[in-house]
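None of the values given here were measured: they were computed from a predicted structure.
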Amino acid sequence: MKRPDLVIFDCDGVLVDTEPVSNAVLAENLTRHGLLLSTEDCIGMFTGWSMVNVEQEAIRLGATLPEGWIAAVYAEEFEALKRGVDAVNGIPEILDRLEALDIPFCVASNGSEEKMAITLGQTGLLPRFDGAMFSAHTLKTSKPDPALFQAALAAFKVEPARAVVIEDSVLGATGAARAGIPCYGYAPHEGGADLAATGARVFKEMRELEQLLAL
């Protein structure tokens with residue numbers, strides 16, 4: 001493809017390697033509330049989900065969750081994340097290249113702005129997304145609803161076909177497809193067939209983006 005006019009990154013699992021930490025906390029919490037799940041179970045079931053949707057699904061599966069559960073589990077998760085997460089390998093270099101070419105980029109996440117501030121902050125990435133963070137919690141929508149991506153397009157005044165989304169979840173890739181935005185599906189540890197089924201072009205290493213985006 002030609003160089004995009006906007007690159008929209010997912011946050012967890014794409015910019016920062018948070019999924020193992022976050023899902024370990026979630027698994028332990030849900031197990032306490034009657035739904036026996038492992039970290040791997042939660043990664044497989046809930047990657048890319050908003051916590052509102054996680055809560056609804058956990059209750060459907062038999063968990064007994066107290067009032068205020070979302071705030072409580074987020075508090076546990078934030079404490080764990082504050083102990084340290086890393087930027088995804090290759091992301092700083094890709095952002096350097098985008099900045100050198102004056103190509104705008106932003107982050108659109110089903111996570112909260114508070115969570116992004118913690119994870120992007122400790123990896124040094126937060127200043128690079130100043131004024132360019134779109135959260136499902138703030139906008140009251142979540143992937144796969146395309147509204148999150150549409151908000152980013154509107155803010156940067158870019159047509160869908162001239163943007164690109166970088167995602168690692170089926171929900172995110174589906175939302176990109178519904179918004180009419182080309183998507184690259186990051187699948188470093190698996191085949192990525194589920195991402196490909198949404199129409200995303202699957203890749204394995206962040207350094208591949210330089211060629212894929214014609215940078």
Side-chain angles (χ1 to χ4, degrees), residues 9-86 88 107-123 133-149 151 167-178 185-195 197-198 200:
F9 291 95
D10 178 44
C11 188
D12 296 311
V14 171
L15 294 175
V16 282
D17 188 20
T18 56
E19 296 294 0
V21 174
S22 295
N23 283 286
V25 170
L26 182 60
E28 194 277 333
N29 180 286
L30 290 176
T31 296
R32 292 201 315 267
H33 290 99
L35 185 59
L36 182 60
L37 295 174
S38 67
T39 299
E40 292 71 23
D41 291 333
C42 287
I43 289 174
M45 294 169 64
F46 299 127
T47 292
W49 288 42
S50 70
M51 203 61 79
V52 171
N53 290 335
V54 171
E55 180 182 43
Q56 293 171 350
E57 181 66 5
I59 291 172
R60 189 189 71 80
L61 292 173
T64 303
L65 303 182
E67 184 176 351
W69 176 80
I70 290 178
V73 74
Y74 260 138
E76 294 177 18
E77 182 182 7
F78 292 169
E79 283 304 308
L81 292 171
K82 286 175 183 177
R83 292 195 284 271
V85 294
D86 296 322
V88 169
V107 56
S109 174
N110 272 352
S112 67
E113 289 187 348
E114 182 180 1
K115 180 180 178 182
M116 286 191 282
I118 292 170
T119 59
L120 296 176
Q122 65 181 269
T123 55
M133 297 169 63
F134 299 88
S135 165
H137 287 235
T138 301
L139 296 175
K140 307 302 181 186
T141 185
S142 61
K143 308 166 190 175
D145 189 323
L148 196 61
F149 294 125
E167 271 287 352
D168 70 331
S169 76
V170 170
L171 289 180
T174 300
R178 292 177 179 176
Y186 180 53
H189 304 303
E190 54 189 54
D194 53 349
L195 290 167
T198 70

_Looking at E79 and R83, is any side-chain nitrogen of the basic one under 4.0 Å from a carboxylate oxygen of the acidic one?_
no
*asked:* For the CZ atom of F134 and the CG atom of N110, what is their distance to the nearest 0.5 Å?
replied: 14.5 Å
*Could you give the distance from CG (D17) to OG (S22), rounded to the nearest 0.5 Å?*
9.5 Å
*Would E57 and F46 satisfy side-chain contact (heavy atoms from CB on, under 4.5 Å), going step by step from the backbone distance to the final call?*
CA-CA 9 Å; E57 181 66 5; F46 299 127; 3.9 Å; yes
*CA sep, side-chain torsions, deciding dist, call: F9, V88, side-chain contact (heavy atoms from CB on, under 4.5 Å)*: CA-CA 12 Å; F9 291 95; V88 169; over 6 Å; no
*Verify side-chain contact (heavy atoms from CB on, under 4.5 Å) between L26 and T39, making sure each step is shown before the conclusion.*
CA-CA 8 Å; L26 182 60; T39 299; over 6 Å; no
_Sub-4.5 Å side-chain heavy-atom contact between P66 and H33_ = yes
*Identify the heavy atoms of G192 and A187 that sit nearest to each other, and give their distance.*
CA-CB, 3.8 Å
*asked:* When you measure from the side chain of T123 to the backbone of D86, do you find a donor-acceptor pair of N or O atoms at a distance under 3.5 Å?
replied: no
*Of all the heavy-atom pairs spanning A63 and L35, show the shortest one and how long it is.*
CB-CB, 3.9 Å
*Does the side chain of Q56 reach to within under 4.5 Å of the side chain of N53, using non-hydrogen atoms?*
yes
_Tell me if a side-chain donor or acceptor on E167 pairs with a main-chain N or O of D10 at a distance below 3.5 Å._
no
*asked:* I'd like to check K115 versus D12 (side-chain heavy atoms, cut-off strictly below 4.5 Å). Are they in contact?
replied: yes
*Can you see which heavy atom on S109 is nearest to which on K143, and at what distance?*
CA-NZ, 3.9 Å
_Please give me the minimum heavy-atom distance between S112 and F78, naming the atom from each residue._
OG-CZ, 3.7 Å
*Quick one: pull up CE in M51 and CH2 in W69 and give me the separation to the nearest 0.5 Å.*
5.5 Å
*Keeping the roles fixed (side chain from N23, backbone from E19), state whether a donor-acceptor pair exists under 3.5 Å.*
yes
*From E55 atom CD to I59 atom CD1, the distance as rounded to the nearest 0.5 Å*: 4.5 Å
*Measuring from D145:CG to L171:CG, what's the distance to the nearest 0.5 Å?*
11.5 Å
*Which heavy-atom pair separates C11 from T119 by the least distance, and what is that distance?*
SG-OG1, 4.0 Å
_Closest non-hydrogen atom pair, Q122 against K82_ = NE2-CA, 3.7 Å
*CG/D168 to CG/L195 distance, rounded to the nearest 0.5 angstrom?*
7.5 Å
